[in-house]
Amino acid sequence: MGLTEYECPACGGAMEFNAKSQMLSCPYCDTQIKVGDYKAPRQEEQDKDAKADSNEWNSDELNGMVVYSCQSCGGEIIASETEGSLTCPFCSNNVVVKEKFAGDLRPNYVIPFKTTKEDAMKAYSGYVKNKLLLPSAFFEQNHIDKVRGIYIPYWIYNGKIKGNYNFTATNVRHWSDGDYEYTETSFFDVHREGNESFKNVPHDASKEMPDDLMESIEPFDFSQAVDFNSGYLAGFLANRYDVDAKDTEAHIVKRMADSVESDIKDTVSGYTTSTVKAKTNDVVSISHKYALYPVWLLNTTWNGKNFLFAMNGQNGKFVGDLPVSKIKALILFLCTSAGATLLNIAIWFMFFSK
């Protein structure tokens with residue numbers, strides 16, 4: 001997505017987006033340019049970029065871009081056709097060129113990478129070292145096959161929901177006259193209604209990115225999102241969205257309606273009990289935008305199995321699945337209060353039963 005080469009105006013080399021400086025940087029002559037200040041070498045291309053519709057790619061942005069398809073997991077990656085032996089960032093298998101990239105929607109926003117490949121490697125080392133039940137051989141024998149920075153597609157929703165709720169509420173009073181205990185229950189019909197607006201509610205638009213992994217590296221701070229400029233993608237990959245917005249809207253509306261219900265329930269106070277008798281949640285408005293979020297993906301292979309790790313490219317939050325040592329797990333169990341007794345008995349028989 002927008003991964004055409006950005007020619008360095010000083011030496012002609014291919015510039016890449018630098019997460020630390022937040023600028024386009026040339027690795028050959030160290031020239032740095034703000035993304036918004038970059039000028040295409042030819043004025044004709046520059047003018048086309050300036051006139052590009054926010055929802056359509058212009059022809060220059062598409063030059064040299066192809067779709068790579070993974071035959072194993074089905075993932076589709078958009079990258080420059082100059083990529084050599086590209087491997088899938090999701091499952092680490094080889095990918096093949098599927099077709100020239102023809103368009104799709106052009107993103108409205110992008111959250112630029114704020115962390116580097118070196119940050120991801122350092123985070124991985126710390127993550128692995130701190131795991132108590134990790135097999136010792138895993139850290140000693142495994143190696144990172146690939147570390148790739150990839151932009152994951154998201155649908156970002158704004159909406160307004162109107163809630164209309166009827167509650168049955170009670171107030172219960174207890175007292176005694178010395179001879180008898182009394183209970184009085186009063187019943188009330190309570191009505192609440194109101195509107196609630198939501199901004200930038202996200203939904204992952206990639207089938208290939210495991211949902212649990214993606215949710216684990218959230219949240220992303222949308223306040224740091226900027227208007228899309230393909231310069232931010234220079235040197236990175238982009239996952240092609242394969243979940244349509246229309247297929248995610250119902251889930252987003254439910255999330256919004258659940259929040260409305262929770263907030264309305266909080267206003268019904270001063271009663272002993274309250275239960276919802278009837279409710280309606282109407283969509284006053286709903287709209288979506290298309291955004292790209294930064295993620296570092298790391299693949300490692302151990303005992304013939306692929307392990308995928310992810311790091312939030314904005315804030316550095318790192319997650320992933322690791323193998324568990326059965327021996328270490330057993331030792332940990334034996335060291336618990338219940339297991340310690342069994343361990344003591346075993347030690348006693350070992351030394352004193354002869």
Side-chain angles (χ1 to χ4, degrees), residues 1-68 77-86 89 97 99-121 146-153 223-240 289-297 313-314:
M1 253 175 221
L3 298 177
T4 53
E5 290 189 350
Y6 278 70
E7 183 179 336
C8 175
C11 71
M15 306 188 79
E16 297 181 351
F17 178 71
N18 186 295
K20 291 297 184 184
S21 66
Q22 294 291 290
M23 301 174 74
L24 284 168
S25 177
C26 178
Y28 306 101
C29 68
D30 296 327
T31 296
Q32 290 195 329
I33 304 173
K34 289 183 179 179
V35 174
D37 292 342
Y38 178 81
K39 302 297 183 183
R42 292 167 292 281
Q43 186 64 38
E44 180 182 353
E45 293 179 356
Q46 183 178 320
D47 293 341
K48 287 181 180 179
D49 281 342
K51 296 178 181 178
D53 188 285
S54 62
N55 291 319
E56 297 180 0
W57 297 90
N58 63 66
S59 58
D60 296 307
E61 287 180 308
L62 302 180
N63 286 339
M65 292 167 59
V66 295
V67 178
Y68 289 85
I77 305 300
I78 301 164
S80 168
E81 62 183 352
T82 59
E83 285 278 353
S85 57
L86 189 64
V97 175
E99 60 190 16
K100 287 284 186 179
F101 181 54
D104 292 340
L105 291 180
R106 189 176 187 271
N108 302 104
Y109 303 102
V110 58
I111 295 180
F113 274 87
K114 294 292 182 69
T115 57
T116 65
K117 179 179 180 179
E118 290 70 27
D119 294 329
M121 289 295 296
K146 286 288 184 179
V147 181
R148 304 302 296 262
I150 181 168
Y151 282 95
I152 302 297
S223 68
Q224 295 182 2
V226 297
D227 291 338
F228 179 77
N229 184 311
S230 56
Y232 290 106
L233 277 61
F236 296 94
L237 302 176
N239 186 203
R240 187 179 193 177
K289 296 289 187 180
Y290 177 26
L292 298 179
Y293 285 178
V295 177
W296 287 102
L297 290 183
Q314 182 184 36

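Index from 1, following the sequence. Quick note: numbers below take in every heavy atom, side chains included, and nothing from hydrogens, waters or symmetry partners.
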#### Entry: Closest approach of Lys114 to Gln314 (non-hydrogen atoms, all atoms of both residues)
CB-O, 3.4 Å

## Note on the structure
For Asp37 and Ile33, the nearest pair of non-hydrogen atoms, with its separation, is C-CG2, 4.0 Å

### Donor-acceptor pair, side chain of Tyr38 and main chain of Glu7, under 3.5 angstrom
yes

### Tyr151: which of Tyr109, Phe228, Phe113, Tyr232 passes ring-ring contact (aromatic ring centres under 6.0 Å, His included)
Phe113

### Task
Using a cut-off of 6.0 Å, state whether more than 12 heavy atoms not belonging to Lys117 lie near its atom NZ.
no

### Task
For Asn18 and Ser25, work out which heavy atoms get closest and say how close.
CB-CB, 4.0 Å

### Message
Does atom NZ (Lys34) have a neighbourhood of more than 12 heavy atoms from anything else shown, all under 6.0 Å?
### Response
no

### Message
Is there a side-chain contact between Met15 and Cys29 in this structure, where contact means two heavy atoms from C-beta onward sitting under 4.5 Å apart?
### Response
no

### Side-chain (Thr115) to main-chain (Gly313) donor-acceptor, under 3.5 angstrom
yes

### Heavy-atom pair with the smallest gap, counting every atom of Tyr290 and Pro153
CE1-CB, 3.7 Å

### Query
Which distance, rounded to the nearest 0.5 Å, do you find between the CH2 of Trp296 and the CE of Met121?
11.0 Å

### Query
Is it true that a side-chain atom of Asn108 and a backbone atom of Ala291 form a donor plus acceptor pair closer than 3.5 Å?
no

### Message
Does any part of the side chain of Gln22, heavy atoms only, come nearer than 4.5 Å to the side chain of Pro112, both counted from C-beta?
### Response
yes

#### Entry: Residue pair Leu233 / Leu292, side-chain heavy-atom distance below 4.5 Å
yes

### Task
Identify the two heavy atoms, one from Asn239 and one from Ile152, that lie closest to each other, and give their separation to 0.1 Å.
CB-CD1, 4.2 Å

### Query
Ala234 and Leu24: which non-hydrogen atoms are nearest, and at how many Å?
CB-CD2, 4.0 Å

